[in-house]
Amino acid sequence: MRWPVMGTVAQMTSRRHADERKFGELFVRVQASYSRVEKLLSAWNPESELSRLSAAGCTNWTEAASPDVRPCYAAALRLAEESGDAFNPRIGEKLRALGMGHGRYSRFDLGAIAKGFAVDMAAEEVERAMGGRYFSLLLDLGGNLRAVGAGEWRTGVRNPFRGVDASQPEICAVITLVGGESVATSGNYERFVEKDGKRLSHILDGRTGEHVSGIAGVTVVTPREYGAMLADGLSTTLFVLGPEAGAAFLKRRYPQALALWIPDDPASPRIIATPDMAYRLERAAWPVASPRM
Ligand code: ADP
Ligand code: MG
């Protein structure tokens with residue numbers, strides 16, 4: 001089942017759904033859950049709660065937001081604090097302060113974390129609806145995946161160089177998710193801006209407002225306790241920090257998260273992975289190295 005929402009494509013896959021009616025009911029719940037998050041957190045829709053708070057000059061975001069989306073604001077602000085603003089939801093204000101804003105960003109930007117948050121909300125709904133019954137579901141919201149219920153899911157890490165060279169494999173590694181785990185990818189290949197014929201990543205260094213270069217993609221796996229929201233937020237954070245500072249950051253703050261970076265070097269493709277990520281990777285198409293720490 002695939003449908004467009006939150007500026008991307010959502011997908012929901014079920015295994016062993018002998019009960020078609022049950023699956024249909026879960027689908028409706030997941031759909032409604034995403035739409036609700038979109039209505040509250042969209043930076044593009046001027047009617048969203050986020051846009052209205054932004055227009056009203058809000059500063060105490062977490063308290064002002066509707067109770068069920070507060071965790072998303074709180075997590076974004078916490079990641080900013082922990083990463084020394086490498087991750088920065090106030091990037092719009094930052095750009096404006098630097099004279100770089102083009103009115104393109106709302107004052108507060110949850111684009112790097114809201115999709116993962118929506119996946120966690122939907123997963124909670126599904127778990128509640130299923131009670132203790134057996135089920136196995138994979139939620140995917142624009143590259144933010146979460147395995148819900150029992151069972152394992154094999155997921156592929158997309159080859160970021162495929163757009164430049166179609167002879168390259170589509171997938172550059174396989175990661176198997178177990179129930180409750182999430183995986184998120186941030187890349188410079190799906191969304192980017194072009195300037196003077198050069199591709200600029202849509203991820204900015206939240207400290208300087210500059211486009212981040214040097215990294216083609218980052219993939220993060222998180223356990224159930226962290227959830228899809230942190231996988232999403234961390235993939236953006238680690239894209240900015242790069243492998244060395246990024247691995248040190250994880251070790252200090254999020255020791256249960258696994259991460260890999262693909263340097264933006266199509267001439268010698270390689271994967272830089274934290275040790276537990278390297279251990280997880282199957283069928284890696286390229287050499288796997290550890291971050292220098
Ligand atoms: P995608 O939305 O393509 O899945 P990400 O999850 O990495 O990718 O989110 C990128 C989005 O996050 C950007 O489009 C922008 O809205 C926002 N953003 C860009 N740079 C930062 C940053 N340093 N900190 C927080 N948000 C950012
Ligand atoms: Mg992200």
Side-chain angles (χ1 to χ4, degrees), residues 4-11 34 37-38 41-45 48 50-51 54 61 72-73 75-98 100-120 140-146 157-158 160 163 182-193 199-222 226-242 245-246 249 254 257 259 261-262:
V5 67
M6 291 179 83
T8 186
V9 179
Q11 191 162 348
Y34 289 167
V37 174
E38 180 175 41
L41 300 182
S42 168
W44 307 105
N45 175 5
S48 74
L50 173 69
S51 299
S54 183
W61 300 93
C72 188
Y73 285 88
L77 289 167
R78 208 180 86 176
L79 264 181
E81 194 185 313
E82 291 170 342
S83 70
D85 275 348
F87 182 96
N88 187 359
R90 291 198 171 94
I91 191 79
E93 283 174 0
K94 177 88 190 178
L95 291 173
R96 216 157 292 173
L98 293 166
M100 294 161 72
H102 306 291
R104 208 168 67 83
Y105 295 89
S106 99
R107 284 179 48 239
F108 208 81
D109 185 342
L110 291 169
I113 195 167
K115 290 191 284 280
F117 172 70
V119 168
D120 285 343
D140 176 0
L141 182 52
N144 297 279
L145 282 65
R146 179 168 170 145
V157 178
R158 191 96 55 88
S182 302
V183 61
T185 294
S186 284
N188 71 354
Y189 42 97
E190 283 203 343
R191 298 172 198 231
F192 50 85
V193 276
R199 265 190 187 195
L200 296 174
S201 136
H202 69 313
I203 297 174
L204 307 173
D205 186 326
R207 298 163 292 198
T208 61
E210 301 284 343
H211 292 276
V212 178
S213 60
I215 300 291
V218 173
T219 296
V220 176
V221 172
T222 55
Y226 289 8
M229 174 171 72
L230 267 176
D232 191 3
L234 283 173
S235 70
T236 309
T237 309
L238 298 178
F239 194 97
V240 176
L241 291 177
F249 174 75
Y254 297 96
W261 293 259
I262 300 171

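Note that the coordinates shown come from a computational prediction; the quantities given were computed from them, not determined experimentally. First listed ligand is number 1; within each ligand, the first listed atom is number 1. For this chain, numbers begin at 1 and follow the sequence in order.
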Geometry only, no angles: is [X] polar-contacting ligand 1 at N/O separations under 3.5 Å?
| X | result |
| --- | --- |
| Asp109 | yes |
| Ser235 | no |
| Val240 | no |

If you count the atoms of ligand 1 from 1 in the order shown, which ones are under 4.0 Å from a heavy atom of [X]?
| X | value |
| --- | --- |
| Lys115 | 1 (P), 2 (O), 4 (O) |
| Asp232 | 6 (O) |
| Ser186 | 5 (P), 6 (O), 7 (O) |
| Gly206 | 23 (N) |
| Thr236 | 5 (P), 6 (O), 7 (O), 9 (O) |

Legend entry - For Phe239, all residues meeting ring pair (Phe, Tyr, Trp, His ring centres under 6.0 Å), sequence neighbours excluded: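 With neighbours one apart ignored, the set is empty.
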
Legend entry - Qualifying residue for side-chain hydrogen bond (donor to acceptor under 3.5 Å, both in side chains) with Arg146, from Asp120, Asp140, Thr222: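 Only one option passes, and that is Asp120.
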
Inset, instruction - Decide side-chain hydrogen bond (donor to acceptor under 3.5 Å, both in side chains) for Ser235 and Ser186; before the verdict, give the C-alpha distance in whole Å, the side-chain angles of both, and the deciding distance to 0.1 Å. - result: CA-CA 6 Å; Ser235 70; Ser186 284; 2.8 Å; yes

Legend entry - Selection residues 205-215 - residue pairs positive for salt bridge (Lys or Arg N to Asp or Glu O under 4.0 Å), sequence neighbours left out: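 Found Asp205-Arg207.
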
Inset, instruction - Could you tell me whether ligand 1 has any atom less than 4.0 Å away from a heavy atom of Ala86? - result: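 Contact present.
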
Inset, instruction - Nearest 0.5 Å please: distance from the CH2 atom of Trp61 over to the CZ atom of Arg107. - result: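 If we round to the nearest 0.5 Å, Trp61:CH2 and Arg107:CZ are 4.5 Å apart.
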
Inset, instruction - Only heavy atoms count here, so choose which of Asp205, Asn88, Leu204 is nearest to atom 23 (N) of ligand 1. - result: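 Going through Asp205, Asn88, Leu204 one by one, Leu204 has the nearest heavy atom to atom 23 (N) of ligand 1.
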
Inset, instruction - Classify the angle between the aromatic ring planes of Tyr254 and Phe249 as parallel (below 30°), tilted (30 to 60°) or perpendicular (above 60°). - result: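 Correct class here is tilted.
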
Inset, instruction - Of all the heavy-atom pairs spanning Asn144 and Val119, show the shortest one and how long it is. - result: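 So the two residues come closest at O-CG2, 3.7 Å.
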
Inset, instruction - Measure across Met6 and Ala118 and return the closest heavy-atom pair with its distance rounded to 0.1 Å. - result: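 Distance-wise, the nearest heavy atoms are SD-CB, 3.9 Å.
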
Inset, instruction - Report yes if some heavy atom in the side chain of Phe108 is under 4.5 Å from a heavy atom in the side chain of Ser54; otherwise report no. - result: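 A side-chain contact is absent here, since even the closest heavy-atom pair is not under 4.5 Å.
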
Legend entry - Intermediate values then yes/no, side chain to side chain contact (heavy atoms under 4.5 Å, CB included), Tyr73 and Leu110: CA-CA 8 Å; Tyr73 285 88; Leu110 291 169; 3.8 Å; yes

Inset, instruction - Please list, chain by chain and in numerical order, all residues satisfying side chain to side chain donor-acceptor pair (under 3.5 Å) with Ser83, sequence neighbours excluded. - result: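 Counting only residues at least two positions away or on another chain, Ser83 forms no side chain to side chain donor-acceptor pair (under 3.5 Å).
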
Legend entry - 2.8 Å cut-off (strict), protein N, O or S atoms about the Mg ion (ligand 2):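 N, O or S atoms of the protein closer than 2.8 Å: 4.
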
